[in-house]
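The shown structure was predicted, so the numbers you read here are calculated from the model rather than taken from an experiment.
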Amino acid sequence: MNDTPHLPPALATGIGSLPGTDAREAAKAATGSFEDFPHLPELPARGPGADMIGRTAGLLVELYARVEPSGWRIGDRPGRDTRRARSWLGEDLDALEEFTQGHEGLLKVQAVGPWTLAAALELKNGEAALSDPGACRDLAASLAEGLRQHLEEVRRRVPGARLVLQLDEPSLTAVLRGQVRTASGYRTHRAVDRQTVEATLRDVVGVHDGGPVVVHSCAPDVPFALLRRAGVAGISFDFSLLTERDDEVIGEAVEGGTRLFAGVVPGTDAPLSDPAGSVMGVRTLWRRLGLRPGLLPEAVTVTPACGLAGASPGYARSAYAHCVRAARSLADNPE
């Protein structure tokens with residue numbers, strides 16, 4: 001799509017979550033590792049409200065959620081859980097602001113997208129919001145307004161940055177295929193119409209007026225074509241889950257100017273190969289698709305395969321450094 005905001009070349013960045021509970025330590029790692037493309041860290045180890053669903057629930061406007069034994073449930077008024085989520089986000093923003101003084105490049109912030117949120121948030125009857133089309137519409141509208149306010153706040157704190165919004169949609173494929181389980185666990189919610197999914201995503205993507213939006217999913221079978229039609233500038237995925245079935249849509253995405261955020265570094269502690277070895281699969285894909293090697297640094301950003309919340313702190317730091325070195329290897333030797 002020609003009106004999709006362009007995402008300038010950026011060699012490497014993180015997905016979002018990191019281990020630990022120290023906001024300043026996390027901000028230091030995310031900004032120090034990725035000087036060209038830092039991100040706002042998320043620290044789920046702090047507990048409910050710092051997890052990705054609770055954190056995004058805290059951004060909602062005129063909708064509130066609280067923690068129940070079964071998960072997050074939409075309620076009538078803001079309570080302790082909402083206040084906690086907002087407080088932690090404020091702490092993270094304070095730390096980010098401290099470590100991005102004078103920053104003028106790209107800066108990424110993350111939130112859960114409308115469909116994963118609808119699959120995770122419960123209505124009062126205990127079923128997912130996904131079960132009610134009206135609830136899905138209300139949720140998407142509330143999320144869109146919350147994201148608009150969030151982006152304004154980050155702009156105010158880091159005025160020189162060019163903001164990139166990442167929507168985390170790990171449940172998107174399950175929503176499209178009717179694989180999200182009901183509360184009983186015995187049935188699944190029916191598949192949501194693809195046009196409805198696409199239109200809702202387009203509306204939420206549109207809140208970042210003129211700015212690039214990336215959708216991240218570390219699930220198999222990411223719907224590349226649907227996401228591109230919804231107007232995203234980049235698609236972030238676990239590279240190890242690609243199959244040759246994906247070749248055509250990947251080739252079309254690259255030729256259409258969509259940036260690939262290739263998750264090539266494991267998200268949990270694992271031996272790290274040499275940096276060039278980590279991006280060997282990307283080079284192989286490029287050759288298979290017959291794409292120009294010189295396009296690689298413009299078309300690919302190297303990332304971990306998923307968030308690093310389940311990793312050890314030492315591994316998380318190593319993984320970030322490894323992403324940077326692997327990206328440099330790709331840029332220096334695209335062949």
Side-chain angles (χ1 to χ4, degrees), residues 1-15 33-39 105-108 162-167 205 208 210-218 220-265 273-306 319-335:
M1 293 174 63
N2 294 333
D3 55 351
T4 299
H6 176 63
L7 195 56
L11 297 178
T13 190
I15 296 298
S33 302
F34 304 115
E35 293 177 11
D36 296 329
F37 198 178
H39 67 90
L106 295 170
L107 172 63
K108 182 165 69 68
R162 178 169 186 199
L163 295 188
V164 176
L165 172 62
Q166 175 180 304
L167 298 175
V205 165
H208 191 17
V213 176
V214 176
V215 168
H216 167 69
S217 172
C218 42
D221 299 319
V222 175
F224 284 88
L226 182 151
L227 292 172
R228 291 183 59 230
R229 289 195 302 272
V232 307
I235 301 172
S236 170
F237 55 95
D238 179 344
F239 190 84
S240 72
L241 297 178
L242 286 186
T243 68
E244 292 198 19
R245 284 200 320 268
D246 299 305
D247 280 7
E248 190 177 339
V249 288
I250 294 275
E252 287 171 358
V254 172
E255 286 169 354
T258 304
R259 179 163 272 272
L260 305 180
F261 285 65
V264 297
V265 176
S273 67
D274 69 293
S278 293
V279 286
M280 187 65 72
V282 180
R283 290 195 182 93
T284 302
L285 172 68
W286 232 245
R287 282 195 293 273
R288 206 164 65 226
L289 295 176
L291 294 166
R292 182 170 55 83
L295 190 61
L296 263 172
E298 296 169 34
V300 174
T301 294
V302 174
T303 71
C306 216
Y320 273 9
H322 194 83
C323 285
V324 173
R325 288 197 294 270
R328 177 54 58 200
S329 155
L330 208 54
D332 290 347
N333 182 21
E335 300 285 350

**OP:** Name all residues meeting the side-chain contact (heavy atoms from CB on, under 4.5 Å) criterion together with V205; count only those two or more places apart in sequence or in a different chain, and write none if there are none.
**Re:** L167, V213, V232
Subject >> Smallest separation among heavy atoms of F37 and T13, with atom names >> reply: O-OG1, 2.7 Å
Subject >> CD (E248) with more than 12 external heavy atoms under 6.0 Å >> reply: no
Original post:
Sequence neighbours excluded, which residues qualify as disulfide (SG to SG under 2.5 Å) partners of C306?
Top reply: C218
Subject >> Non-neighbouring partners of P293 that pass side-chain contact (heavy atoms from CB on, under 4.5 Å), sequence neighbours left out >> reply: P334, E335
**OP:** Might you point out which heavy atoms bring S278 and V264 nearest each other, and give the distance in Å?
**Re:** O-CB, 3.4 Å
Subject >> Flag side-chain contact, heavy atom, 4.5 Å: I250 against L260 >> reply: yes
**OP:** Check whether any side-chain heavy atom of V249 lies under 4.5 Å from a side-chain heavy atom of R228, and answer yes or no.
**Re:** no
Subject >> Close side-chain approach of L107 to L163, heavy-atom, < 4.5 Å >> reply: yes
**OP:** Could you list the residues that satisfy side-chain hydrogen bond (donor to acceptor under 3.5 Å, both in side chains) with S329, not counting sequence neighbours?
**Re:** R283
Original post:
With under 30° as parallel and over 60° as perpendicular, where do the rings of H39 and F34 fit, or are they tilted in between?
Top reply: tilted
Original post:
What residues, two or more places apart in sequence or in another chain, satisfy side-chain hydrogen bond (donor to acceptor under 3.5 Å, both in side chains) together with S236?
Top reply: H216
Original post:
With sequence neighbours excluded, what pairs up with R325 under the side-chain hydrogen bond (donor to acceptor under 3.5 Å, both in side chains) test?
Top reply: none
Original post:
Can you list the residues that meet the side-chain contact (heavy atoms from CB on, under 4.5 Å) rule with P304, with sequence neighbours excluded?
Top reply: I15, L308, Y320, C323
Original post:
salt bridge (Lys or Arg N to Asp or Glu O under 4.0 Å) with R245: which residues, sequence neighbours excluded?
Top reply: D221
**OP:** Identify, with sequence neighbours excluded, every residue that meets ring pair (Phe, Tyr, Trp, His ring centres under 6.0 Å) alongside H322.
**Re:** none
Subject >> F224: ring pair (Phe, Tyr, Trp, His ring centres under 6.0 Å) partners, not counting sequence neighbours >> reply: F237
Subject >> E252 side, atom CD; T258 side, atom OG1 - distance, nearest 0.5 Å >> reply: 10.0 Å
Original post:
Roughly how far, to the nearest 0.5 Å, is CH2 of W286 from CG of L296?
Top reply: 5.0 Å
Original post:
Can you name the side-chain contact (heavy atoms from CB on, under 4.5 Å) partners of E244, sequence neighbours left out?
Top reply: D247, R288
Subject >> Partner residues of D274 under the side-chain hydrogen bond (donor to acceptor under 3.5 Å, both in side chains) criterion, sequence neighbours left out >> reply: none
Original post:
How many angstroms lie between CG in L289 and OG1 in T284, if you round to the nearest 0.5 Å?
Top reply: 10.5 Å
